[in-house]
Amino acid sequence: MPLSEDLRRCPDLEERKAECHRVLRDTFGHTHYKGKQKQIIEAAVTGYDVFILAPTGFGKSLCFQIPAASDKVNYNPSGVTVVISPLLALINNQVTSLRKKGVLTHALTSETSKSTRQEVYDDLVSENPAIRLVYMAPERLKDGECMHMFKIMYQNGTLNRLVVDEAHCISEWGHDFRGDYRRLGAFRRNFKDIPIMALTATATSEVIHDIISSLGMSQDNLYKVIHPFNRANLYYEVRYRSGFDQLALMSEICDYIFSLHRKRGKPSSGIIYCRRRNTCNEVSAFLRGKGLSAKAYHRKLPPSELEKTFREWAVEGGSANGGLDVVVATVAFGLGIDKGDVRYVIHYDCPTSLEGYYQETGRAGRNGSPSKCILYYTREDAAIAKKLVAQGHTNRIVAAEEVSGPAPSQRAVSSLDALVKMAENTRLCRHVSICRYFGEIINTDDKELLKSLCDNMCDVCKYPEKTRRQKDKLSSKEWAASQVENRQFGNEDDSERPLYKSNNTNANSLSNTKSAAKPGSGSYFGTKRMMDGVGNSESAAKKPKVSSGLTTTLVTKPFSSASILTKPFKTPLMKTTSTLSNSSGPRPPPKQTTAPKATWAAQKPTSSPDIEPKHEDDHETSVRTQEEEDEAKFAVPQRASSPVDLPDVLFELEEPTTEKIPASLLISTSRREGVDQLRMALYKVMKKNPELWSRFKRAPSNTERRDRIIALTAKEIEYDFVLCFSSSLEGYKERIRVNVASVEMMAHEKAWNGCQEEEYEDVQQFIGAMEKICKIA
């Protein structure tokens with residue numbers, strides 16, 4: 001859309017354009033604009049509302065950063081650009097980058113200290129602010145202080161423009177809807193003449209219309225750029241598989257990465273996307289065990305660790321220069337990342353939307369070099385993804401009805417259907433499938449057009465017969481559906497597991513601490529990682545899993561000092577009879593109770609793609625996240641009263657991710673009884689010996705917190721020391737008995753003074769687990 005003549009006649013337009021080009025060259029180090037950047041920046045400094053739809057790698061951020069950095073000579077001599085962005089990781093990345101370039105930039109997020117927030121506020125409301133850009137999450141706009149700040153800036157004439165990054169989040173039709181984005185429409189109502197810029201990489205025609213309408217962008221004064229969606233340098237490949245053989249899948253991925261390194265003669269940078277945070281931990285641990293430089297990235301890891309991981313991954317040359325070669329991440333990782341040498345993006349499991357898939361594959365090949373995008377596809381996993389999306393859609397309908405709001409669209413469901421259709425279509429070019437989904441009209445009879453789009457840059461076009469043969473590996477749709485219906489698998493997002501709820505407990509009180517404290521929980525690699533040579537525990541999986549045989553092999557139990565631990569860990573059943581003679585003996589089994597059978601909906605995650613948030617992951621901490629709302633709504637039905645007098649505590653019953661745990665052990669009633677026996681043993685020991693609490697560095701003072709710590713410790717013992725070492729229900733019950741006896745030994749002084757006697761080994765690990773939980777619960 002050309003600029004109108006009246007705006008082109010602005011007397012100082014040429015001066016503004018010249019200053020922007022100087023900033024492009026001197027500040028950002030580019031000699032020329034890319035694509036339509038020049039026209040977009042010209043429209044921005046002239047005062048247009050601007051909408052940009054362009055793929056990752058286009059350089060959308062420069063379209064608002066350059067005008068902001070050059071605003072000192074524009075119509076507002078000391079104007080400020082406000083940037084709304086959905087992820088803390090993205091905000092921190094851009095703020096750090098701009099500061100290195102000498103552009104004074106700040107962020108107002110949950111991580112901003114009170115003193116820094118006040119300094120930023122004082123500068124922004126001054127008549128001559130020094131800050132050029134201020135970043136914030138959309139949730140921040142609910143803060144009355146924030147809107148008051150905008151009003152003062154508006155009155156002072158220093159509020160230059162509002163930038164809405166990842167603008168598809170504003171639309172109910174989009175794949176990543178964020179309710180707080182809807183509030184952005186109030187900005188135009190309050191500040192009618194302040195230009196707005198909206199940017200996104202993924203939007204259909206419905207989403208584009210919704211964004212423009214919701215933000216109140218001017219139809220008469222709007223500069224709209226819709227860039228072609230095709231990325232000709234990306235090679236799209238779907239690798240077909242059947243079933244849930246995760247170890248084979250990880251091995252195949254590892255082999256591919258090593259083969260790529262050998263072909264290039266140097267390490268290659270890449271990203272592996274997973275739906276679940278536990279899967280990220282497991283895969284990264286496996287790759288490290290095989291000698292690759294890999295780490296996990298998801299929002300349950302400490303911010304300092306995420307920052308370190310990103311910094312190491314951003315190192316050019318990867319492990320050859322002391323950095324990382326691959327990040328195994330949820331969707332929390334990727335938005336706004338500007339790393340040009342990413343040679344591959346692998347989807348470990350099925351994404352939950354075609355938009356998400358397109359956006360994530362767009363992290364590869366940003367420098368224009370050929371790069372590979374591999375999607376591992378099974379019909380079983382696609383069926384799981386469909387259930388997740390359908391459940392998330394149902395939840396949004398319920399939420400809309402509760403507040404008498406508009407019903408959500410079916411966009412998430414249809415987007416996943418489009419992804420599945422693209423994956424299973426072995427006769428239509430992958431590039432054509434993607435472009436058509438986003439509304440581009442493509443004539444497949446035009447050979448020249450098809451060559452310009454793909455030129456054998458997808459498996460369908462390059463290896464048509466082989467691709468069709470490979471598709472035969474897929475299970476039948478009926479078989480895949482039956483496996484998903486009958487299989488008891490863990491919740492697809494670690495923060496959205498089924499809740500273990502005692503009577504009269506409010507699900508809203510759940511504390512989301514487990515995943516942060518125990519990265520890698522539920523992993524097969526608690527046993528495997530030490531045998532594979534994983535030396536650095538770094539957020540790696542920690543839980544041992546059983547082998548397929550009836551007995552458990554001798555393993556090393558990894559914990560905080562796993563990298564230097566060499567003493568073999570003995571399972572509880574290896575204790576001698578004399579060990580047990582010191583205890584008060586086994587407790588009689590509790591009376592059988594009948595728990596309501598949980599429905600699939602209660603057992604499964606309830607949010608759509610992030611399913612690691614969703615962006616996942618970095619929402620403002622002051623805002624209740626979608627998964628927290630889902631947890632409150634979809635807790636496991638209350639069970640019958642416990643046969644023992646235990647306090648009411650809400651906590652998660654951990655679901656194993658390996659298929660090697662016998663089905664007989666996955667019956668929730670049996671496991672709950674086991675956890676309750678351990679809880680009762682811990683409860684009695686700590687109640688009878690209250691002075692033991694003072695031995696912990698962060699000893700809880702109130703009864704409610706103590707009860708929760710006891711429950712979480714019992715849950716951890718049941719998983720780490722019982723379930724993962726049991727091959728039958730009888731063996732499970734025996735291990736519960738043995739560990740109850742060990743718990744009761746916590747009352748012995750020897751358990752606390754570092755005694756090296758064998759019978760106190762497990763007790764000391766129980767104490768260590770409780771110490772850790774005291775710090776986080």
Side-chain angles (χ1 to χ4, degrees), residues 1-4 36 39-40 43-44 47-56 58 60 63-64 83-86 138 141 161-192 194-230 335 353-359 362 389 393 396-397 400 405-419 433-442 608-609 615:
M1 180 185 299
L3 296 176
S4 61
K36 292 188 176 182
Q39 295 92 324
I40 294 170
Y48 269 87
D49 283 347
V50 178
F51 175 85
I52 305 172
L53 171 60
T56 301
F58 173 82
K60 295 186 291 294
C63 294
F64 64 83
V83 184
I84 304 298
S85 182
L141 296 182
R161 64 180 55 83
L162 174 73
V163 175
V164 182
D165 204 3
E166 306 297 339
H168 58 272
C169 296
I170 203 172
S171 176
E172 277 278 7
W173 290 82
H175 72 284
D176 191 18
F177 174 66
R178 291 273 295 275
D180 288 298
Y181 262 75
R182 281 294 193 184
R183 296 187 179 89
L184 296 176
F187 187 91
R188 173 49 55 90
R189 294 192 293 272
N190 291 327
F191 314 110
K192 297 183 183 300
I194 301 301
I196 296 175
M197 179 183 290
L199 311 95
T200 182
T202 54
T204 60
S205 57
E206 294 95 338
V207 175
I208 294 172
H209 179 270
D210 201 14
I211 292 171
I212 293 172
S213 175
S214 297
L215 290 175
M217 300 176 79
S218 170
Q219 295 290 347
D220 299 327
N221 192 33
L222 176 66
Y223 186 70
K224 184 163 62 173
V225 174
I226 299 179
H227 195 280
F229 284 90
N230 190 56
L335 293 178
S353 70
L354 199 148
E355 287 101 332
Y357 170 76
Y358 174 77
Q359 189 173 56
V389 171
H393 180 72
R396 289 168 65 181
I397 291 176
S409 73
Q410 287 281 347
R411 190 65 188 171
V413 178
S414 61
S415 180
L416 176 56
D417 289 341
L419 175 68
S433 293
I434 291 171
C435 291
R436 280 183 172 176
Y437 175 78
F438 287 107
E440 293 189 24
I441 299 175
I442 298 174
S608 55
H615 293 319

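Shown here for A201 and K60, the closest heavy-atom pair between the two residues is CB-NZ, 3.9 Å. Contact between L53 and A203 at its shortest, heavy atoms only, is CD2-O, 3.6 Å. Shortest non-hydrogen contact noted between I208 and K224 is CG2-CD, 4.4 Å. Contact record, S218 with D49: N-OD2, 2.9 Å, taken as the closest heavy-atom pair. Taking all atoms of both residues into account, the shortest heavy-atom contact from T200 to A167 is CB-N, 4.0 Å. Considering every non-hydrogen atom in both A44 and M197, the closest pair reads CB-CE, 3.8 Å.
Annotation: the span from L199 atom CG to I52 atom CD1 amounts to 4.5 Å, rounded to 0.5 Å. With values rounded to the nearest 0.5 angstrom, F191 atom CZ is found 10.5 Å from I196 atom CD1. Rounded to the nearest 0.5 Å, atoms CZ (F51) and CD1 (I212) are 5.5 Å apart. The CG atom of L215 sits 7.5 Å away from atom CG of L162, with the distance rounded to the nearest 0.5 Å. R161 contributes atom CZ, which lies 10.5 Å from atom CZ of F64 (distance to the nearest 0.5 angstrom). Between atom CD1 of residue I211 and atom CG of residue L184 there is a gap of 11.0 Å, rounded to the nearest 0.5 Å.
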message: What verdict does the side-chain contact (heavy atoms from CB on, under 4.5 Å) test give for E166 and H168, after you've listed the backbone C-alpha separation in whole Å, the side-chain angles of each residue and the deciding distance to 0.1 Å?
response: CA-CA 6 Å; E166 306 297 339; H168 58 272; 3.1 Å; yes
message: Using the rule given for side-chain contact (heavy atoms from CB on, under 4.5 Å), can you reason through V50 versus C63, listing the C-alpha separation, both sets of side-chain angles and the distance that settles it, and then say yes or no?
response: CA-CA 10 Å; V50 178; C63 294; over 6 Å; no
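Not one N or O on the side chain of Y358 forms a donor-acceptor pair closer than 3.5 Å with the backbone of F438. Between the side chain of D165 and the main chain of S85, no donor-acceptor pair closer than 3.5 Å is present.
Evaluation of the side chain to side chain donor-acceptor pair (under 3.5 Å) rule for R436 yields no partner, not counting sequence neighbours. Take S214 and apply the side chain to side chain donor-acceptor pair (under 3.5 Å) test, not counting sequence neighbours, and it matches R182, D210.
Around NE2 of H209, the count of heavy atoms belonging to other residues, nucleotides or ligands within 6.0 Å does not exceed 12.
Donor-acceptor pairing under 3.5 Å is recorded for the side chains of S415 and Y437.
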